[in-house]
Undergrad: 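Here you go, one structure.
The structure presented is a predicted model; accordingly, all values stated were derived computationally and were not measured. Sequence lines set the chain letters: A, B, ... in the order given, protein chains first and strands last, and positions in each chain run from 1.
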Amino acid sequence: MRHITNHEIAGLLNEMAVLYDMEGVPFKPRAYEKVAQNVEALDREVADIYKEGGVEALRREIPNVGEGIARHLEEILKTGTFGELKKYKKKVPVKLDELMGIGGLGPKSIRTLYVKLKIKNVKELERAARANKISKLPHFGAKSQEKILKGIAFSKKHVGRFLLGAVDPIARVIEERLKRVSGVGHVTTAGSYRRRQETIGDIDILVSIRGQATSVSGLATKRIMDAFVHMPEVARVLAHGPTKSMVRLKSGIQCDVRVVPEQSYGAALQYFTGDKTHNVETRKIAIKKGLKLSEYGLFRGKRMVAGRTEEEVYRALGLKWMEPELRTASGEIEAARAGKLPKLIPYGSLRGDLQTQSNWTDGNNSIAEMARAAMAAGLEYIAITDHTRSLAMTGGLDERGLARQGKEIDAFNREFTDDSSQFTVLKGTECNILKDGKLDLADSALKTLDLVCVAVHSHFNLSEREQTERIIRALKHPLVNILFHPTGRKIGKREPYAVDISKIIRAAAQYGVALEINAAPERLDLKDLHIREAVEAGAKLVIDSDAHAAAHFKWLDFGVAQARRGWATRADVLNTLPCEGFLKTLRGLKKR
DNA sequence: GCCGTTTTCGGCCCGACTGTTTTCAGTCG
């Protein structure tokens, strides 16, 4: 049986949902989407569940899977796809993933474009739009055509890059595979992956061979390269040489491996980790000192003066070693020379998570399940922050719903104070900021909560002035503690709404509101530059997973990475504090 | 297609916005 991941299975189910939508089939699309979401959030492989208990186990273990979808899942596990999907694909044979990625295009429009103009992919879509053919279709007009062209331009900017959150698990698996090859010394993924950038262009892995100090060759290097190009993740081998191989992975991303001598390993790491500008700067410093810096080492004439470790290379340049996240030529070199590098917030240092959604609204899991998952992830507290009433699609809570939820949280906490483990569930909300900057819940309800968090979920296209004023009005509210995902962007999908983020940062500092760094791989909002601005303005930060399922707590470190790239220290991030101290500090901000 | 049940069929989060229309279809959250 061919191995197929949960992510791939979810992809197929989502595709089916879109195809049903196209044909106007009622209700089935939502059913498939639900299962896709549940599969994605599962903490074990669908393949394993099936292996253990067959179709019955699939129905039992995966919510919303019934007779029909269980059969499809079985077929997917055996053949990689399923008949119903193939049947519908034949009706509208278009590149769905491509076309659905264009903002404003949905299933119905894609179907019309295919039926009327035989448009199958983005290239043909662009050609038709430029030839002014789309504006003439029924229910399309000049504005829709314009919007499509804008959507294409936006998606082009992001082509070829992958979310860190999507690349991370793949890179880890490959690193592990390479480490198991006999004779292998170090294995490190360098590049934008090591800098923990939001998106990754390709995976660059550096490998050394034990005992090969000054040059690389022979059986050991051949073994590692052979192992690399024959990995099950590989779709196509682009190059297969003795010291460098390149492959295209099934997930679409390119992955390169280089074998370097142990003596040059630090220099190679340095060379392949910094971004272009950082490397230009460091090489200039070398030149000034009469040295030459390359991926093979730091040289004076032919003599190598450093190269085995990064520390050695930086020290020889008169610099302190610096964290990979800082290496973007944005002040880190000056700081390293002056010994004034920030002490970045360490990975794994978060004790709480202030944005989690439960099945009271659009989350997958109960409050108790979320709490247990958070405990397992090493956290000491979480806030349950379900949506509020004006976000109708999630079944947002009104004052009465929130009060009922509060009772469930109280009951859970009572149960757990008896327990030896110390864990607290805080009462929170992700309260909508209404169009005029007022909040979606009455103060009387907000007062019953441990913390009040607010967010924009509607009216994305106000003018910058209106949007900024709207948000600041919410920040001024005396009960508001945290602003969630402050710019609303979704990487590669949606631009941030027009907002003067500097004004928001200053207002947050002034009115004692913490700004969120949302760690969800697709959001990572605030972004690095804004984090740095917030740190400099003295605004406080929190890092949240925005978990909608128990499995999402693993995202927190992506938020920490983002904070690190924004030069944030432990002291800047409030949820590095234990629960009591966190609440005290958060409330203290309002009184200043 | 799934779920829940007053079990084997009826209901399925819904409201706003946009651009197309002149009463609504499609998309988004």
Undergrad: Which value, rounded to the nearest 0.5 Å, describes the distance between A/T79 atom OG1 and A/K86 atom NZ?
TA: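 Here the interatomic distance stands at 6.0 Å.
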Undergrad: For B/dT6 and B/dG11, measure between their C1' atoms and round to the nearest Å.
TA: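 B/dT6 and B/dG11 have their C1' atoms separated by 15 Å.
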Undergrad: Quick one: A/E67 CD to B/dT7 P, roughly how many Å, whole number?
TA: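 Those two atoms, CD and P, are 21 Å apart.
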Undergrad: Say you pick atom P in B/dC17 and the same atom in B/dC12; how far apart are they, in whole Å?
TA: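 The same atom, P, in both gives a distance of 24 Å.
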Undergrad: Could you please name the option among B/dC3, B/dG29, B/dG26 that lies closest to any side-chain atom of A/H457?
TA: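 From the listed options, B/dG29 comes nearest.
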Undergrad: Could you list the residues that satisfy ring pair (Phe, Tyr, Trp, His ring centres under 6.0 Å) with A/F82, not counting sequence neighbours?
TA: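 A/F82: ring pair (Phe, Tyr, Trp, His ring centres under 6.0 Å) contacts with A/H72.
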Undergrad: Any base atoms under 4.0 Å from A/V35, or only sugar-phosphate, or nothing? Heavy atoms, all strands.
TA: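 Answer is nothing: A/V35 stays at 4.0 Å or more from every strand.
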Undergrad: Taking atom C1' in both B/dC2 and B/dT7, compute the distance separating them and give it to the nearest angstrom.
TA: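 Nearest-Å result for B/dC2 against B/dT7 at atom C1': 14 Å.
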Undergrad: Using the test ring pair (Phe, Tyr, Trp, His ring centres under 6.0 Å), find all partners of A/Y193 that sit at least two apart in sequence or belong to another chain.
TA: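 Listed in chain order: nothing, the list is empty.
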Undergrad: Say you pick atom C1' in B/dG1 and the same atom in B/dT8; how far apart are they, in whole Å?
TA: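 The answer is 15 Å between these two C1' atoms.
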Undergrad: Could you please name the option among B/dT27, B/dG29, B/dG1 that lies closest to any side-chain atom of A/P107?
TA: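 Selected nucleotide: B/dT27.
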Undergrad: In the 5'-to-3' direction, what one-character label does each nucleotide of nucleotides 11-20 of chain B receive under the scheme B = base within less than 4.0 Å of a protein heavy atom, S = sugar-phosphate only, - = no such atom?
TA: -BBS-SSSSS
Undergrad: Per the side chain to side chain donor-acceptor pair (under 3.5 Å) rule, what does the pair list look like for residues 56-65 of chain A, sequence neighbours excluded?
TA: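 For residues 56-65 of chain A, and leaving out neighbouring residues, the side chain to side chain donor-acceptor pair (under 3.5 Å) pairs sorted by first residue read A/N38-A/N64.
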Undergrad: Can you check the A/K108 NZ to B/dC24 C1' distance for me, whole Å?
TA: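 From A/K108 NZ to B/dC24 C1': 13 Å.
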Undergrad: Taking atom P in both B/dT21 and B/dT27, compute the distance separating them and give it to the nearest angstrom.
TA: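 Nearest-Å result for B/dT21 against B/dT27 at atom P: 15 Å.
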Undergrad: What's the gap between B/dC13 and B/dT20 when it is taken at their C1' atoms, as a whole Å value?
TA: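 Rounded to whole Å, the distance is 26 Å.
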Undergrad: Rounded to whole Å, please give me the gap between CG in A/D440 and P in B/dG29.
TA: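 About 18 Å, once rounded to whole Å.
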Undergrad: Whole angstrom is fine here: how far is it from CZ in A/F484 over to C1' in B/dG29?
TA: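 Atom-to-atom, A/F484 to B/dG29, this comes out as 17 Å.
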Undergrad: How many Å lie between CD1 on A/I62 and P on B/dG1, as a whole number?
TA: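 So the two atoms are 17 Å apart, to the nearest Å.
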Undergrad: Please list, chain by chain and in numerical order, all residues satisfying ring pair (Phe, Tyr, Trp, His ring centres under 6.0 Å) with A/H548, sequence neighbours excluded.
TA: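 Residues passing ring pair (Phe, Tyr, Trp, His ring centres under 6.0 Å) with A/H548: none at all.
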Undergrad: Figure out the CD/P separation between A/E23 and B/dG1, and round it to whole Å.
TA: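 Distance check: A/E23 CD to B/dG1 P gives 14 Å.
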Undergrad: Any idea if B/dT7 is syn or anti, going by the 90°-from-0 cut?
TA: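 Because its glycosidic torsion lies within 90° of 0, B/dT7 adopts the syn conformation.
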Undergrad: Could A/R30 and A/D21 be called an ion pair, given the rule that one side-chain N must be under 4.0 Å from one carboxylate O?
TA: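 Salt bridge present between A/R30 and A/D21.
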Undergrad: Flag the pair A/E98 and A/K123 as a salt bridge only when some basic side-chain nitrogen lies within less than 4.0 angstrom of an acidic carboxylate oxygen.
TA: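 Not counted as a salt bridge, because no side-chain N and carboxylate O are separated by less than 4.0 Å.
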Undergrad: B/dG1 P sits how many Å from A/N38 CG, rounded?
TA: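 After rounding, the gap between these two atoms is 17 Å.
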Undergrad: Send over the distance from A/R71 CZ to B/dC2 P, rounded to a whole Å.
TA: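 Computing the A/R71:CZ to B/dC2:P distance gives 9 Å.
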Undergrad: Provide the full list of ring-ring contact (aromatic ring centres under 6.0 Å, His included) pairs with a residue in residues 84-117 of chain A, sequence neighbours left out, each pair given once.
TA: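 Checked against ring-ring contact (aromatic ring centres under 6.0 Å, His included) - neighbours excluded - the pairs reaching residues 84-117 of chain A are A/Y20-A/Y88.
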Undergrad: In the strands shown, is B/dT8 matched to any nucleotide by a Watson-Crick or G-U wobble pair with both distances under 3.5 Å, and which?
TA: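 Across all strands, not a single nucleotide pairs with B/dT8.
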